[in-house]
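As the structure lists them, so they are numbered: ligands from 1, and atoms in each ligand from 1.
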Amino acid sequence: MAYREPAGEGSSGRVDLHAHTIFSDGLFTPEELVAEAARLKLTAVAITDHDAVGGIDRAVAAGRQFQLEVVPGAELSCNTNGVDVHVLAYYIDYTQPAALEFFEMVRQKRAERAEKMVSKLNELGVNLSIEQVRALARGAATGRPHVAQALVEAGAVRTIEEAFQRYIGYDGPAYFPKMQLTPKAAMDFIHQHGGVAVVAHPGTYHNDGAVYAAIAAGADGIEVWHPDHTSRSVDRYREMAIKNRLLMTGGSDCHGGRKLGRVYLGSVTVPYSCLQAVKNLREKRLKG
Ligand code: AMP
Ligand code: ZN
Ligand code: FE
Ligand code: FE
């Protein structure tokens, strides 16, 4: 394996702090995800759907049934100097109307963006309708993986990977950017709603300027352990976290098989102490 996980088991076991469900571009329902985490004997799993919190309550209910701690989260997309940076938002008070309004607005923007990408594909001579994408997304925060799968099902490409390579990757002819949220706006939103902000998979941007921008904007932590991180990235971001006195987290970024056909859940875990540190910061802020 390319990455290295932090050692340590302790009495509280291991946790996966990054996973997607059908409420964004994952394939597991919240219940399936929690059941799988329980089968893997994890002690906690975080639900971190892209720009969506709709799956959290169902996951928490399933967690009670399986005696597994469910960490409420979301993965927000922001953009700095043309680079997409993902920020994990743990423990935001997602039931507040202002928070729900924000997620609804982003969901709407994502739906419009999917339409733009389909138009671009049509201009390129690809036969695909927005209805085909909508049928797959089923009201979820629509992302490129939905467009990619629709392209596979329409026979325009053979694999999801090919869809990204030929059409909707960042440099692809049918790519259309997401709503432009600055790192500062993302961090402020998370903090205003009581959450802890962690820069997701920093090694995947190949642009540490963007990572530093997210840190400067107020990130509380860095996701050090991730399937797309080489051991060199792990070392680098571990050091960056220590130098900047930031929390360190990790997780599988499980999409239930929609990403390269791999399920991933539990493929990257961290000791419970990493989650405890996130919880401690949250508690401290609540008291302060
Ligand atoms: P979006 O937020 O709509 O821009 O979609 C980003 C998501 O697409 C990522 O979180 C991944 O799940 C997925 N993704 C990005 N690049 C690829 C790729 N080359 N192959 C498969 N999935 C990808
Ligand atoms: Zn995704
Ligand atoms: Fe991400
Ligand atoms: Fe993710």
Side-chain angles (χ1 to χ4, degrees), residues 16-28 33 45-53 55 71 73-79 82-90 103 106-118 120-121 133-134 136-137 140-152 157-172 174-181 183 186 197-206 210-211 214 219 222-223 225-229 249-265 267-268:
D16 184 337
L17 297 178
H18 192 155
H20 296 267
T21 76
I22 54 166
F23 283 83
S24 63
D25 53 3
L27 290 177
F28 284 138
L33 188 81
V45 66
I47 308 292
T48 56
D49 276 311
H50 297 286
D51 301 320
V53 289
V71 178
E75 184 175 14
L76 304 187
S77 295
C78 59
N79 193 285
V83 183
D84 261 12
V85 174
H86 292 178
V87 182
L88 295 161
Y90 295 113
F103 287 111
V106 179
R107 202 181 63 89
Q108 184 58 37
K109 297 267 185 213
R110 274 183 169 272
E112 288 165 17
R113 170 194 184 223
E115 285 177 35
K116 296 259 172 45
M117 286 194 281
V118 170
K120 283 189 162 200
L121 285 162
V133 178
R134 281 194 196 126
L136 285 170
T142 315
R144 285 181 290 157
H146 297 114
V147 177
Q149 194 182 338
L151 283 168
V152 172
V157 293
R158 268 161 300 155
T159 62
I160 288 196
E161 199 49 39
E162 189 186 337
F164 275 90
Q165 268 163 17
R166 276 179 66 185
Y167 296 116
I168 55 174
Y170 285 115
D171 299 320
Y175 176 74
F176 193 87
K178 272 179 290 198
M179 191 184 92
Q180 306 284 296
L181 188 72
V198 175
V199 185
H201 44 67
T204 64
Y205 312 128
H206 306 289
V211 180
I222 303 183
E223 187 176 52
W225 296 276
H226 184 278
D228 295 341
H229 278 182
T249 70
S252 66
D253 206 354
C254 169
H255 282 69
R258 201 174 243 150
K259 221 167 154 180
L260 305 173
R262 278 151 69 183
V263 168
Y264 282 126
L265 190 70
S267 67
V268 172

Would you check whether H255 has a nitrogen or oxygen atom less than 3.5 angstrom from a nitrogen or oxygen atom of ligand 1? yes
Check each atom of ligand 1 against the heavy atoms of G143 and keep those under 4.0 Å away; list them by number with element. 3 (O)
For R144, the ligand 1 atoms with a heavy-atom partner under 4.0 Å come out as 1 (P), 3 (O), 4 (O), 5 (O), 6 (C)
Do S24 and H20 get their side chains close enough for a donor-acceptor pair, meaning under 3.5 Å? yes
Looking only at heavy atoms, is any part of D25 under 4.0 Å from ligand 1, and if so is it the side chain, the backbone, or both, or is it neither? side chain
With heavy-atom distances below 4.5 Å as the criterion, would you say the side chains of M179 and R113 are in contact? no
Side chain proximity check, D16 to V268, heavy atoms < 4.5 angstrom: no
For a salt bridge (Lys or Arg N to Asp or Glu O under 4.0 Å) with D51, tell me which candidate from R107, R110, K178 qualifies. R110
Can you give me the OE1-the Fe ion (ligand 4)-NE2 angle for E75 and H18, to 10°? 90°
Just going by heavy-atom distances, which of R113, E162, K178, H146 is nearest to atom 3 (O) of ligand 1? R113
Hey, which atoms in ligand 1 end up nearer than 4.0 Å to a heavy atom of E161? 18 (C), 19 (N), 20 (N), 21 (C)
With the Fe ion (ligand 3) as the reference point, give the N/O/S atom of H86 that is nearest. ND1
Ignoring hydrogens and geometry beyond distance, is a side-chain donor-acceptor pair present between D228 and H201 at under 3.5 Å? no
Please indicate whether any nitrogen or oxygen in H50 is less than 3.5 Å from any nitrogen or oxygen in ligand 1. yes
Checking distances from the Fe ion (ligand 4), one finds that the N, O or S atom of D253 closest to it is OD1
Y170 ring centre to R144 NZ or CZ under 6.0 Å, with the angle to the axis within 45°? yes
Select one of side chain, backbone, both or neither to describe which atoms of Q165 lie under 4.0 Å from any atom of ligand 1, heavy atoms only. neither
Taking side chain as C-beta onward, heavy atoms only, is H229 less than 4.5 Å from E223? no
With the side chain counted from C-beta on, respond yes when L88 and L17 share a heavy-atom pair under 4.5 Å apart, and no when they do not. no
Please classify the H20 to ligand 1 contact at 4.0 Å (heavy-atom distances, strictly less than): side chain, backbone, both or neither. neither
For residues I22 and F28, determine if any side-chain heavy atom of one lies less than 4.5 Å from a side-chain heavy atom of the other. no
Would you check the N or O atoms of D84, main chain and side chain alike, for any that come under 3.5 Å of an N or O of ligand 1? no
S77: heavy atom below 4.0 Å from ligand 1, yes or no? no
